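For reference, the structure discussed in these notes is given below.
Per chain, numbering begins at 1; letters A, B, ... match sequence-line order. What you see is a predicted model, and the numbers here were worked out from it, not measured in a lab.
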Amino acid sequence: MVRTRFAPSPTGYLHIGGVRTALFCWLYAKNQKGQFLLRIEDTDQERSTQESIATILQGMEWLSLKSDEEPVYQSQRMDLYQQKADELIESNFAYKCYCTQAELDEMRRGQVERGENPRYDGRCRKVKEPKSDQFVVRFKSPDKGEVKISDHLFGDVLVNNQELDDFVLIRSNGMPTYHFVVVVDDHDMDISHVIRGDDHLKNTAKHIHLFNAFGYQLPKFIHLPMILGSDGSRLSKRHGAMDILEYKRQGFLPEAMLNYLVRLGWSSGDQEIFTIGELIEHFDLTNLNKSSARFDLEKLQWVNQQHISKLSNTKLAELLMQLASEHNIQLPSIEKMQSFSEAYKSRVVSLKDLLTYADKLFSDNFIVDAEAAKKHLKSSIEEPLKDLVSLFEVTTWESASIHEAIDDTCKKHNIGFGKIGQPLRVAVTGITISPPIDITLTLVEKELAIQRLKSAIEYIENR
RNA sequence: GCUCCCUUCGUCUAGUGGUAAGGACGCUGCCCUCUCAAGGCGGAAACAGGGGUUCAACUCCCCUAGGGAGCGCCA
């Protein structure tokens with residue numbers, strides 16, 4: 001049984017890099033009919049917060065990356081870690097170290113001065129009698145030979161044991177460290193495939209030593225290349241390293257986020273747009289790319305647009321109503337919003353854009369863009385608009401008959417459809433962009449449309 | 001500083017010794033058209049550099065450069 005896990009540390013929010021890792025873990029598990037688990041790595045008391053946990057959980061929920069078991073919180077498993085540490089001391093794979101911070105600093109300074117690698121020199125290995133009740137537990141790392149990390153993606157990577165030092169397993173405050181708990185928990189949780197960022201590739205050497213010390217079987221390791229900012233540097237706040245929920249606020253669809261992210265490092269032929277179902281069906285570990293990818297907002301926007309235009313009008317209207325209430329915007333009935341969605345969905349990149357158009361069109365304090373008015377509401381169009389008003393008053397409010405009314409007016413004044421289309425559009429929508437004008441008009445109530453036309457005529461008369 | 005990893009159009013990628021180096025985003029030309037999109041059909045655009053190996057290298061090896069990562073009582 002394939003069991004994967006996503007193990008974020010709650011020291012901040014969930015960002016794109018984390019989501020991509022979680023996604024690959026989740027997809028692989030689902031593809032293999034296995035299980036995906038969530039583990040909160042909150043062993044750093046200083047930096048872990050409840051808010052971070054909450055926001056990470058919300059992000060995962062928004063993306064529908066569900067854990068198949070209750071999330072594991074490392075802070076609640078202290079007994080296990082303590083017991084495992086004792087086991088290692090017992091078997092002589094770990095020892096207590098009484099060095100003070102000052103001593104360690106001193107040691108490192110000397111090493112750096114001599115051009116050596118900063119590493120703990122293992123001086124407490126020999127200490128047999130307790131020196132104080134302040135100590136850390138260190139792993140007795142092999143100081144000869146090398147470790148072979150067999151990574152599914154990167155292949156065999158050899159690490160010289162001399163580069164590794166006796167790293168800390170249990171801090172002086174009794175809390176275990178990452179390298180220790182990751183091994184204990186991955187084994188305890190029966191994780192078959194460890195899928196994580198390649199910033200952990202070299203760390204895996206330490207983990208392998210620990211697995212060996214415990215006599216545990218090694219899981220499969222799959223390290224994923226990192227996602228870089230758009231300028232190729234480490235992902236930071238400036239780039240895509242925002243809270244994933246920020247993308248929700250900006251009107252991105254969760255399935256679009258996932259679709260975009262999956263293509264960073266994975267491909268399936270020439271296919272770009274996938275449904276979640278297709279992703280689960282096609283995802284594998286053999287079509288992974290080894291090089292890091294840059295985050296590209298424009299491609300994300302395109303992917304989002306693709307997913308929006310594939311969404312049903314019912315679903316779109318629902319999402320719009322929801323987003324509107326979050327932004328405190330009043331919208332007409334959900335039925336109306338369905339027609340609106342149909343008309344506008346190919347014109348937007350995000351739900352937020354859609355909402356913006358809806359707000360402009362339906363807002364109680366409707367305003368006509370000044371520049372658009374100046375350019376399109378000219379006296380030459382006054383008469384045709386007046387005729388149109390009279391015609392509209394007796395026209396059935398459907399796109400075909402509306403179109404006919406406009407055509408008739410054009411014929412009467414011997415002008416092209418385009419001559420009246422834009423002024424009409426500006427008068428009724430306030431802007432120069434909208435779906436075909438006859439369809440747009442049906443979205444606005446007949447009376448309201450006529451009212452807006454009349455005030456446009458008034459504007460022309462007064463300019 | 002030491003060590004490890006990576007390197008195909010601007011970006012995401014396909015490619016696994018013999019290809020006119022394919023697709024997608026973006027850019028761009030045309031078509032469609034009442035605006036803006038969407039859509040359709042085109043275009044420009046890449047094998048980081050240098051050495052090898054080979055009849056033949058984007059594909060294999062080495063070096064250089066650039067980028068990323070690890071070297072914590074962070075994860």
Side-chain angles (χ1 to χ4, degrees), chain A residues 7-12 41-44 46-48 97 99 101 104 108 111-112 115-120 135-138 149 151 153-155 157-160 162-165 167-179 181-182 196-206 223 225-226 228 230 232-234 260 263-273 287 289-303 305-306 309 344-349 372 376 403 406 410 416-426 429 431-438 440:
Chain A
S9 66
T11 53
E41 307 221 323
D42 52 354
T43 53
D44 184 344
E46 245 89 286
R47 302 196 303 153
S48 298
C97 164
C99 293
Q101 201 58 56
L104 295 177
R108 279 200 195 96
Q111 287 163 335
V112 171
E116 297 167 16
N117 256 6
R119 62 195 291 277
Y120 181 67
F135 61 86
V136 299
V137 177
R138 283 185 186 275
I149 303 164
D151 185 86
L153 220 206
F154 290 97
V157 176
L158 265 24
V159 173
N160 196 316
Q162 283 172 18
E163 283 175 54
L164 275 23
D165 69 353
F167 55 95
V168 172
L169 266 24
I170 304 280
R171 301 176 172 95
S172 53
N173 67 1
M175 295 297 281
T177 61
Y178 165 75
H179 295 304
V181 292
V182 75
R196 74 217 328 178
D198 76 0
D199 45 341
H200 287 299
L201 184 57
K202 265 193 110 170
N203 286 334
T204 308
K206 294 180 182 177
H223 288 89
M226 317 226 69
L228 272 22
S230 49
S233 65
R234 192 191 171 93
Y260 170 71
R263 289 285 291 100
L264 261 31
W266 179 80
S267 61
S268 177
D270 285 341
Q271 191 169 352
E272 294 286 350
I273 302 300
N287 288 305
N289 193 314
K290 279 196 265 196
S291 47
S292 46
R294 299 186 188 204
F295 175 76
D296 181 9
L297 181 63
E298 287 183 327
K299 177 97 179 251
L300 203 212
Q301 290 174 327
W302 175 77
V303 172
Q305 180 182 62
Q306 295 296 311
S309 51
Y344 274 85
K345 67 181 171 188
S346 70
R347 262 157 269 265
V348 297
V349 145
H376 296 285
H403 196 94
I406 301 172
C410 287
F417 199 105
K419 278 274 184 276
I420 200 165
Q422 272 311 71
L424 195 48
R425 177 171 284 111
V426 169
T429 69
I431 54 178
T432 56
I433 297 169
S434 92
I437 191 62
D438 45 0
T440 307

Any protein N or O atoms within reach of nucleotides 5-7 of chain B? Criterion: under 3.5 Å, listing atom names and distances.
unit_1, atom_1, unit_2, atom_2, d
B/rC6, OP1, A/K290, NZ, 3.4

(message) Regarding A/Q422 and A/R425, do their side chains bring together a donor and an acceptor under 3.5 Å, going by distance alone?
(response) yes
(message) List the residues meeting salt bridge (charged side-chain N to carboxylate O under 4.0 Å, His left out) with A/K345, not counting sequence neighbours, and say none if there are none.
(response) A/E342
(message) The criterion is ring pair (Phe, Tyr, Trp, His ring centres under 6.0 Å); which residues satisfy it with A/F167, sequence neighbours excluded?
(response) A/F139, A/H179
(message) Checking A/Y178 now: which residues fulfil side chain to side chain contact (heavy atoms under 4.5 Å, CB included) with it, not counting sequence neighbours?
(response) A/E41, A/V182, A/R196, A/H200, A/H207
(request) Could you pull out all residues at least two apart from A/D151 that satisfy salt bridge (charged side-chain N to carboxylate O under 4.0 Å, His left out)? (result) none
(request) Counting heavy atoms from C-beta on, name the nucleotide in B/rC73, B/rU3, B/rU35 closest to the side chain of A/T177. (result) B/rC73
(request) At under 4.0 Å between heavy atoms, which parts of nucleotides 20-25 of chain B does protein reach? Answer with one letter per nucleotide, 5' to 3': B base, S sugar-phosphate only, - none. (result) --BBBS
(message) Restricting to side-chain hydrogen bond (donor to acceptor under 3.5 Å, both in side chains), what partner residues turn up for A/D198, sequence neighbours left out?
(response) none
Distances for protein N/O vs nucleotides 58-63 of chain B N/O pairs under 3.5 angstrom?
none

(request) Can you sort out the partners of A/D296 under side chain to side chain contact (heavy atoms under 4.5 Å, CB included), two or more places apart, ordered by chain and number? (result) A/Y260, A/E298, A/K299
(request) Taking side chain to side chain contact (heavy atoms under 4.5 Å, CB included) as the test, write out the residues that go with A/R263, two or more places apart. (result) A/N259, A/S267, A/E272, A/F274
(message) Whether the side chain of A/R119 and the base of B/rC71 hold a donor-acceptor pair under 3.5 Å is what I'd like checked.
(response) no
(request) Please list, chain by chain and in numerical order, all residues satisfying side chain to side chain contact (heavy atoms under 4.5 Å, CB included) with A/S309, sequence neighbours excluded. (result) none
Interface polar pairs with nucleotides 43-49 of chain B, N/O, under 3.5 angstrom:
none

